[in-house]
Amino acid sequence: MDSIEIHDTMSGTPIKLHNKNIKIYLCGVTTYDDTHIGHARTIIVFDVLRRYLEDMGRHTTMVQNFTDIDDKIIQRAEAEGVDALELSFSYIERYHQDFDRLNVKRADMYPQATTHIQDIIDIISKLIELKHAYVAKSGVYYMVESFSEYGILSKKNIKELRSGTRIDPKEDKHDTVDFALWKRTDSKPHWESPWGAGRPGWHIECSAMSLKHLGETFDIHGGGRDLIFPHHENEIAQTEACTKLPLARVWMHVGMVTISGQKMSKSLGNIKTTRNILDEWGPNTLRLFCLSGHYQKPIDYTEELLVESLDLWRRTESCYYTLEQTASRHDKVVCDEFDQALSSNLNTHKAIIVLGNITKEVGEMASKGRLNPDTASVLYGKLARIIEIFGLKISRPLDARQIQNYTVQRDSLRQNGEYKQADIIRNELNAKNIELLDYKNGTVWVCHEHIQKR
RNA sequence: GGUGAGGUGGCAGAACGGUUAUGCGUGGGCCUGCAAAGCCUAUACAAGAGGGUUCGACUCCCUUCCUCACCUCCA
């Protein structure tokens with residue numbers, strides 16, 4: 001399988017990705033708080049996309065930004081009496097802790113707005129020069145009217161947007177739909193610019209950083225659905241006004257995580273943090289949860305869905321160890337159904353069913369004593385590859401040989417009818433998250449991930 | 001109001017113009033020294049409502065009702 005197509009928000013159609021090197025810009029987070037599972041979902045989806053592309057032999061370049069200066073960060077810092085940039089820094093650290101635990105591959109680069117101030121100033125200057133932006137008292141604004149394609153991504157028209165907007169008296173922009181590129185201010189933090197001290201507006205950092213690190217046109221620009229407007233629309237206006245070229249070949253947007261049908265958001269106070277879920281359910285369950293639905297659709301957060309994901313993970317662990325201990329070869333094998341699912345718009349929902357089917361198939365054969373080393377080898381190869389692409393991680397025991405010895409020892413005790421002794425060994429292993437599966441043809445040991453829930 | 005996505009069996013949630021999605025749940029059974037895990041089997045014959053196209057629609061078209069998201073910060 002060497003082709004993959006992804007649904008493009010701009011055209012509303014699937015688009016094939018042809019390039020050998022796929023350049024991806026993912027809009028990351030604003031660093032004023034811990035991430036929640038909505039963020040995690042988007043990032044996990046892109047992680048799987050990347051892993052899959054790389055498995056196909058493509059090269060990927062992934063750039064994911066941190067918006068580390070913004071009004072919210074400043075507000076939060078003031079409330080806590082700390083420095084805004086230090087606050088950002090600490091949340092970036094926490095971000096990495098969480099997503100390393102989630103086994104998300106690090107992006108090739110994590111550019112930050114505050115380390116690209118000169119690039120931001122440069123692109124604003126160019127926009128002013130090209131008459132797409134103007135300088136006002138309170139700062140520099142983008143002139144939306146000047147960009148004829150404005151609204152092309154979000155399918156909005158300027159007139160309607162105008163009727164809906166409120167005028168902030170602090171802003172002296174010419175048109176209510178115009179948005180800030182540079183906000184003039186003397187309060188900290190601020191940077192010097194040709195238009196006085198201030199800080200960048202939201203949106204412009206992504207234009208500056210994607211242009212700098214990925215070039216004028218790259219393959220995929222992505223993020224959560226809620227970024228379509230205004231964030232991505234404004235990025236298009238900014239970048240394309242400068243380059244006259246399409247910013248991205250494909251716009252890929254991930255659906256929201258909802259709670260009882262409503263979007264998870266700060267204002268509603270229905271947040272589940274990544275860290276919290278990770279502590280309770282572990283990385284693998286959370287990943288399967290995030291991949292359980294099609295990425296374009298919302299996923300409703302429920303404990304039941306997490307339990308289902310956990311059950312699947314438990315079956316996957318058992319299946320993996322069963323195959324590993326039966327197989328004669330341990331190399332990766334392509335699974336067509338799985339690839340078909342992922343290559344058509346990254347249908348992880350379908351791909352997860354393939355995973356479920358493998359566990360079922362193995363369970364069936366093992367329970368009937370029909371699993372032979374050859375079959376096991378093929379299935380092992382498929383499973384191992386799926387686990388890799390999904391970014392799951394099988395837990396490993398400290399001393400596999402010792403467990404193997406105990407298992408053999410217990411077997412002989414059982415054969416001699418010394419069940420009490422045998423059960424002591426089993427209980428000891430169970431206490432260490434080692435489960436013994438007594439199949440017809442023998443016993444397989446499984447090392448389970450320690451998970452707080454259940 | 002505009003734009004986009006939806007409304008499927010007890011619940012969650014797919015694909016597809018004509019064949020069992022799948023998972024959970026529920027009933028019964030099997031395997032086992034006992035467990036655990038697993039297996040077998042049964043169970044839903046479902047498509048918001050109303051029209052139309054078709055030999056045939058859950059799937060296409062029209063109408064209508066409802067839900068969600070975005071239109072202000074948001075992954």
Side-chain angles (χ1 to χ4, degrees), chain A residues 9 12 26-30 32-33 35-46 64 67 70-72 75 151 153-157 159-166 168 177 202 222-231 233 253-258 260-268 271 274 292-294 296-300 302 304-305 307-309 311-312 314-315 317-319 321-322 341 344 347 349-350 352-357 359-360 362-370 413-415 417-420 422-423 426-427 429-430 435-440 443-444 446 448:
Chain A
T9 309
L26 175 62
C27 277
V29 296
T30 302
Y32 71 104
D33 207 342
T35 61
H36 57 66
I37 48 178
H39 301 109
R41 181 187 187 192
T42 300
I43 285 152
I44 288 166
V45 164
F46 274 84
Q64 183 187 329
T67 299
D70 158 276
D71 291 350
K72 275 189 179 165
Q75 268 173 31
L153 180 70
S154 58
K155 322 282 191 269
K156 294 185 188 305
N157 71 62
K159 272 186 193 165
E160 269 161 15
L161 287 171
R162 255 186 212 123
S163 68
T165 49
R166 252 187 269 137
D168 184 343
V177 292
W202 187 38
R225 279 207 87 75
D226 53 354
L227 292 184
I228 294 173
F229 189 89
H231 188 54
E233 195 68 62
H253 291 105
V254 179
M256 300 291 100
V257 175
T258 59
S260 7
Q262 284 199 307
K263 182 178 160 185
M264 186 174 290
S265 75
K266 278 274 147 70
S267 45
L268 290 166
I271 298 292
T274 306
S292 66
H294 186 104
Q296 285 181 275
K297 291 196 169 179
I299 290 184
D300 203 45
T302 57
E304 290 79 58
L305 188 53
V307 170
E308 271 187 41
S309 302
D311 285 349
L312 176 60
R314 291 305 192 203
R315 272 186 283 141
E317 288 177 316
S318 299
C319 179
Y321 277 98
T322 301
S344 64
N347 195 334
H349 173 83
K350 263 180 139 177
I352 274 185
I353 289 171
V354 176
L355 171 62
N357 288 344
T359 64
K360 203 173 175 106
V362 171
E364 192 183 325
M365 286 192 288
S367 73
K368 289 173 183 165
R370 273 202 236 123
L413 286 167
R414 286 168 72 212
Q415 265 158 29
E418 296 177 58
Y419 298 122
K420 272 197 178 158
D423 287 353
R426 182 168 67 190
N427 290 338
L429 291 174
N430 284 169
E435 189 188 17
L436 298 179
L437 308 178
D438 291 330
Y439 293 122
K440 272 188 181 157
T443 302
V444 164
V446 178
H448 284 293

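Model, not experiment: these values are computed from the prediction.
Nearest to the side chain of A/S318, among B/C34, B/C24, B/A37, sits B/A37. In the set B/A15, B/A21, B/A75, B/A75 carries the atom at the smallest distance from any side-chain atom of A/M264. Of the listed nucleotides (B/C24, B/C73, B/C39), B/C39 has the atom at the smallest distance from the side chain of A/K368. Out of B/C24, B/A75, B/G4, the shortest distance to the side chain of A/E308 is found at B/C24. Nearest to the side chain of A/E364, among B/C40, B/A75, B/C71, sits B/C40. The listed nucleotides are B/C71, B/C31, B/G38; the one nearest the side chain of A/K440 is B/C31. Side-chain proximity of A/H36 to the nucleotides B/A75, B/A14, B/A21 is greatest for B/A75.
The residue A/G255 sits close to a base: some heavy atom pair falls under 4.0 Å. Residue contacts for A/K263: at a heavy-atom cut-off of 4.0 Å it reaches a base atom on one of the strands shown. Residue A/F229 is classed as a sugar-phosphate contact, given heavy-atom separations below 4.0 Å to backbone atoms only. Within 4.0 Å of A/H253, counting heavy atoms only, lies no atom of the nucleic acid at all. At the heavy-atom level, A/S292 lies nowhere under 4.0 Å from the strands shown. Nucleic acid contact class of A/G363 (heavy atoms, under 4.0 Å, all strands): sugar-phosphate only. Within the 4.0 angstrom heavy-atom criterion, base atoms lie near A/T42. Contacts of A/L436 with the nucleic acid, taken as non-hydrogen atoms under 4.0 Å apart, include base atoms. Note on A/V446: nothing from the nucleic acid sits closer than 4.0 angstrom, heavy atoms only.
The backbone N or O of A/R314 sits less than 3.5 Å from a side-chain atom of A/S318, completing a donor-acceptor pair. The backbone N or O of A/H294 sits nowhere less than 3.5 Å from a side-chain atom of A/H349 that would complete a donor-acceptor pair. Here the side chain of A/T42 pairs no donor or acceptor atom with the backbone of A/V254 at under 3.5 angstrom.
In this entry the distance linking CG of A/N430 with P of B/C34 reads 17 Å, nearest Å. In this entry the distance linking CG of A/L227 with P of B/A69 reads 16 Å, nearest Å. Taking atom CG on A/L305 and atom P on B/G13, their separation rounds to 8 Å, with Å as the unit. One interatomic measurement links the two molecules: CZ of A/R414 to C1' of B/C34, which rounds to 10 Å at whole-angstrom precision. Note: CD (A/E435) to P (B/A37) measures 7 Å, nearest angstrom. Atom CD1 of A/I299 is separated from atom P of B/A14 by 9 Å (rounded to the nearest Å). The distance from atom NZ of A/K360 to atom P of B/G23 is 5 Å, rounded to the nearest whole Å. Straight-line distance from the CD1 atom of A/I228 to the P atom of B/C68: 19 Å, rounded to whole Å.
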TODO: Check step by step if side-chain contact (heavy atoms from CB on, under 4.5 Å) holds for A/K156 and A/E233.
DONE: CA-CA 10 Å; A/K156 294 185 188 305; A/E233 195 68 62; 5.9 Å; no
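Between B/A46 and B/C16, the distance separating the two C1' atoms is 15 Å to the nearest Å. Annotation: B/G38 and B/G4 have their P atoms spaced 45 Å apart (nearest Å). Straight-line distance between the P atoms of B/G25 and B/U19: roughly 28 Å, to the nearest whole Å. Spacing of P atoms, B/G1 relative to B/C61, comes out at 23 Å, to the nearest Å. B/A37 and B/C31 have their C1' atoms separated by 11 Å, given to the nearest Å. Going from the C1' atom of B/A15 to that of B/C66 covers 24 Å, rounded to whole Å. Rounded to whole Å, the separation between the P atoms of B/U41 and B/A57 comes to 32 Å. A gap of 14 Å separates the C1' atoms of B/A47 and B/G6, to the nearest Å.
With hydrogens and angles ignored, a donor-acceptor pair under 3.5 angstrom links the side chain of A/H349 to the base of B/A21. Donor-acceptor pairing under 3.5 Å, judged by distance alone, is present between the side chain of A/D438 and the base of B/A35. Taking only distance into account, the side chain of A/R426 meets the base of B/A35 through a donor-acceptor pair shorter than 3.5 Å. With hydrogens and angles left out, the side chain of A/D423 and the base of B/G33 share a donor-acceptor pair within 3.5 Å.
The shortest distance between side-chain heavy atoms of A/L312 and A/R315 falls below 4.5 Å.
Judged by Watson-Crick or G-U wobble contacts below 3.5 Å, the nucleotide B/A5 has B/U67 as its partner. Under the Watson-Crick or G-U wobble criterion, with both distances below 3.5 Å, B/U19 has no partner in any strand shown. When both pairing distances are held under 3.5 Å, B/U43 makes a Watson-Crick or G-U pair with B/G25.
The residues A/K420 and A/D423 are annotated as not salt-bridged, no charged nitrogen and carboxylate oxygen being separated by less than 4.0 angstrom. Classification of A/E364 and A/K360 as a salt-bridged pair fails, no side-chain N sitting under 4.0 Å from a carboxylate O. Salt bridge annotation for A/D226-A/K263: present, with a cationic side-chain nitrogen under 4.0 angstrom from a carboxylate oxygen.
Between A/H39 and A/K156, the residue anchored closer to the 5' end of RNA chain B is A/K156, taking for each the nucleotide with the nearest heavy atom. Along RNA chain B, the nucleotide closest to A/G293 and the one closest to A/L437 are compared, and the more 5′ of them pairs with A/G293.
For the pair A/K297 and B/C68, the criterion of a side-chain N or O lying under 4.0 Å from OP1 or OP2 is not met.
Counting only N and O atoms by type, the side chains of A/T30 and A/D70 include no donor and acceptor under 3.5 Å apart.
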